[in-house]
Amino acid sequence: MKDAAPQPIHLADYRPPSYLVEEVRLTFRLQPKGTRVLSRVRFRANPEGLEDGNLHLDGEGVRLISCSIDGEPLTAFDYLLTAEGLTVPAARLPEGAFTWEAEVEIDPEENTALEGLYTSNGMFCTQCEAEGFRKITFYPDRPDVMAPFTVRIESDLPVLLSNGNPVASGEGWAEWHDPWPKPSYLFALVAGELVAYSDRFTTMSGREVALNIWVRPGDEGKCAYAMDALKRSMRWDEEVYGREYDLDVFNIVAVDDFNMGAMENKGLNIFNSKFVLATPETATDRDYDFIEGIVAHEYFHNWTGNRITCRDWFQLCLKEGLTVFRDQQFSADMRSAPVKRIEEVLQLRARQFREDAGPLAHNVRPDSYVEINNFYTATVYEKGAEVIGMLHRLVGADGYRAALDAYFSRHDGQACTIEDWLAVFEDVTGRDLSQFKRWYTQAGTPRVSARWARTGGTLKMTLAQELPATPGQPLKEPAVIPVALGLLAPDGTELLPETLVVLDGREAELEFDIAGMAERAGVAMPERVIPSLLRGFSAPVILDAPLSRADRLVLLAHDPDPFNRWEAGRSLMRETLLAMLTDGAAPDAALFEALATLLTTDTLDPAYRALALALPSEDDIAQAAHDAGVVPDPTAIHGVRRALQTAMAEALQPVLAALHDAMDPGPVYSPDAEQAAKRSLRNAALMLLARVEGPERAQARYDAATNMTDEMAAFAALLEAGDTQVAARFHDRWKGDRLVMDKWFMVQIAHAEPEQAVAVAQRLTDHPLFDWKNPNRFRSVIGGLTAGNPAGFHDPTGAGYRFLADWLLKVDAKNPQTAARMSTAYETWRRYDADRQQLIAGELDRIAAAEGLSRDLGEMVSRIRGS
Ligand code: TRP
Ligand code: ZN
């Protein structure tokens, strides 16, 4: 018999708690097994409380040793203890304020879910967001309960860390105090044999802050870049948002076993080591880029997330969307803004549009959830950031800054909602945002269609929006869609410079005086006008615009908006691929000529040129086919994508060879944007050239590589060329480095021939270094197949689907969060043919029927399967 399905939690059921916390004191007596946690919590009745007046403390998997109220021990008759927590009835509680004390026992060593207190390579660490604190002790584990924490750690380990400032320490103990009231999800503790890479920062008001990155001995030499990124983040937040750091120390700890990227615990950020550790020899340019962005993201949470937090988990986007937007602004300032924007949109389309188009579609602010961990999604994060980007565009940079200043001063120290956030913008800018709010409350990607016609000197344009139905939301209201647009003449003359049009009804009619524009531009009336729509990707929508191939070629050559210039090339490639797929058409030489021009325009950033050269991914093509009413065949998609690459490589061979030689980043590696750009273009050329030239160039690059960016690019090219030696060479060189070996696993699967991909993945799961309990390693192998090799994953026999299901079931028993995340590989299943759908449905049903399935994976599988 299966347990009854866990009940969903609804936003509409939110009630302020009956009790608030004034102060928390915790003592940890650390042991791998049998850690004792003593807590002393001062509660006060909440005058605004709307719950039942009982004291409800969350607690899961903690053994209660003893507890008391105001020093009076409680017996089992005084409270109700369940698998979810402990309740003391109101009648048993003193009026006003009281002190709860408890001693509990937990086993960090047995904790494989990596949530709560656990061990990783002999070090103790915690992960409490979203609901992990309840696995440490009994507490109101909800973000609207904020309190200052004092923590004492007792352990023989040399380094003992918690939130806030260090208070005192001695042989075998240390005490920390965090003066800033915080919810329990921001609690953190670390203990281990660690070494620090240290630095200092002087804040805008002249306070000194000690900065430390704590790592395992031997890794100190891999922290310089993360530290540099941290200092730049701290300065940037002062300069751009006026936000100063607020403690004497800022600690970062790198952990090998971690479910996600990193965590913003107050004053003690904990990171997946892959987003901290880097040397030129072991990390790629992309890794450096991620390190910079994630260090910034977690640091920025100090104000957007920690000082101002979320009232409940439905408001997750309040901190995540905003913090992603902030880290994107930071990265755009540190590197090339157009390149960053294109990369953001690539990510958004690959992950969020995909999510919005399938059974897992949900609002930026969901209405209900079963397991909150399943809602740390591309929609909450990336679409949440896009929504803030639209607000920024609508109110302008000054309005935005004024609103943010008001937000920080009005809500500092509070747990807030999206309503609070929007009210600040309304008050500061005088705008009514009630319709804009639909971006938070309606799921799905809006479709904007543009139609236009010329009559004499006038261009009439209609913009229309439509929001497709999503699970549980059949009908939608129109959103507020900022559409940045310009108009070009066929020779590239800009007739209308960028203008912002706000589409807030289902339809809008626009009129442009082309005659007047031509006159002002000093050109003859053009025979046709080419709209450049949705510049900078001004809204997260799917645009349908009847631009001809000739129009798109003009935009690709001349659009002054770098995003749309790239987008023009992208849409030409997508169309070409679809035509190849559906009627075996040959690619059109005009596209290659336009690319050649762009590639040889030396004033363009090489990173931008590299992006222009990249084809849509196989998953993008599958979605595009599906949108065009064609059932995607993953094998055929893989084939046409390769064919187009080969055709491009043939047509552009001399250009690519010249670029390859011209893009010399110089002898000394630096991860900066300028050098990374050259490497990205050089390696993009290398990959294509390997298709038509044979493997010599890649072989030479591999042999001469002095950095991981080049080594990985050459490795991939050699694998595709059928090299059977390179994997062993790489393995022998890097077998001692966990992070590099993650790449070794991944790349072999991603670059295997699709028919062999499952077999390669299977073989690699038998490798002695395949430690499936390590989330990074698990994702390298399983994700290497599901995301890295879609044609292999969708093997018509169903072997890929079965392989994934087997591993999900195995991992779910140990680490539900990681299993649930990986299950999204199935979310696109409705796109495919009846045979594949049946195979996937079979696996989903097999998982759903499994004994002891977690709430995490159970919810995902049932949502993906649908009704
Ligand atoms: N709040 C974290 C961030 O955005 C992410 C996070 C949520 C997380 N839950 C987690 C990280 C669990 C690790 C494990 O930066
Ligand atoms: Zn975050």
Side-chain angles (χ1 to χ4, degrees), residues 17 19-28 37-44 46 97 99-101 126 128-129 133 136-137 139-153 159-170 173-191 200-212 214 230 234 237-238 241-253 263-270 298-311 319 407-416:
Y19 299 93
L20 297 175
V21 174
E22 284 177 345
E23 203 197 347
V24 183
R25 285 175 177 273
L26 301 171
T27 299
F28 288 81
V37 184
L38 287 73
S39 61
R40 192 164 187 278
V41 184
R42 183 77 185 158
F43 284 99
R44 170 171 46 85
N46 178 9
T99 300
W100 155 270
E101 283 182 87
T126 54
C128 292
E129 188 176 6
F133 192 75
I136 294 175
T137 191
Y139 193 77
D141 190 15
R142 45 187 288 170
D144 56 352
V145 174
M146 300 171 81
F149 280 59
T150 302
V151 176
R152 179 183 167 90
I153 309 169
V159 175
L160 308 175
L161 307 172
S162 190
N163 313 91
N165 296 318
V167 177
S169 60
W173 63 275
E175 253 181 56
W176 292 78
H177 176 66
D178 181 3
W180 300 104
K182 67 166 175 290
S184 50
Y185 82 86
L186 291 173
F187 167 80
L189 174 153
V190 170
R200 309 194 62 75
F201 182 82
T202 309
T203 70
M204 61 203 278
S205 72
R207 284 192 311 96
E208 287 288 303
V209 182
L211 310 177
N212 303 295
W214 297 93
L230 173 61
M234 295 177 85
D237 213 17
E238 292 182 344
Y241 279 83
R243 297 296 109 201
E244 188 177 9
Y245 187 61
D246 53 5
L247 290 167
D248 303 335
V249 296
F250 187 78
N251 286 314
I252 288 179
V253 181
M263 179 62 211
E264 70 264 23
N265 317 299
K266 183 79 187 189
L268 179 54
N269 288 1
I270 300 184
E298 305 311 330
Y299 176 72
F300 296 157
H301 267 314
N302 191 56
W303 275 95
T304 52
N306 301 3
R307 288 286 286 260
I308 304 180
T309 192
C310 303
R311 187 193 71 175
K319 74 177 177 82
Y407 177 65
F408 292 124
S409 61
R410 192 186 289 184
H411 292 297
D412 187 12
Q414 296 178 6
C416 295

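In this structure, the side chain of W180 does not engage the main chain of G413 through any donor-acceptor pair within 3.5 Å. Side-chain N or O atoms of W214 include none that pairs as donor or acceptor with a backbone N or O of V159 at under 3.5 Å. No donor-acceptor pair closer than 3.5 Å links the side chain of D141 to the backbone N or O of S184. Side chain of T126 to backbone of L189: a donor-acceptor contact under 3.5 angstrom is found. Side chain of E129 to backbone of M263: no donor-acceptor contact under 3.5 angstrom is found. Here the side chain of T202 pairs no donor or acceptor atom with the backbone of R207 at under 3.5 angstrom. Listed for the W176 side chain is a donor-acceptor partner under 3.5 Å among the backbone atoms of L160.
Using a 4.5 Å heavy-atom threshold, the side chains of E264 and N306 count as touching. Taking 4.5 Å as the limit, every side-chain heavy atom of E298 sits out of range of all side-chain heavy atoms of I252. Residues N165 and V249 form a side-chain contact, since some pair of their non-hydrogen atoms from C-beta on lies under 4.5 Å apart. The shortest side-chain heavy-atom distance between Y139 and V21 falls under the 4.5 Å cut-off.
Of the residues N163, D178, N302, the one that meets the side chain to side chain donor-acceptor pair (under 3.5 Å) test with K266 is N302. With T99 as the fixed residue, the side chain to side chain donor-acceptor pair (under 3.5 Å) test singles out one of R42, R40, R25: R42.
Atom CZ of R410 has more than 12 neighbouring heavy atoms from other residues, nucleotides or ligands inside a 6.0 Å radius.
For L20, the side-chain contact (heavy atoms from CB on, under 4.5 Å) test picks out P17, R44, N46, with sequence neighbours left out.
Side-chain polar atoms of Y241 and T304 form no donor-acceptor pair below 3.5 angstrom.
If you look at F250 and Y299, their ring centroids are closer than 6.0 Å.
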Could you go through the side-chain contact (heavy atoms from CB on, under 4.5 Å) check for F149 and F187 one step at a time?
CA-CA 8 Å; F149 280 59; F187 167 80; 4.0 Å; yes
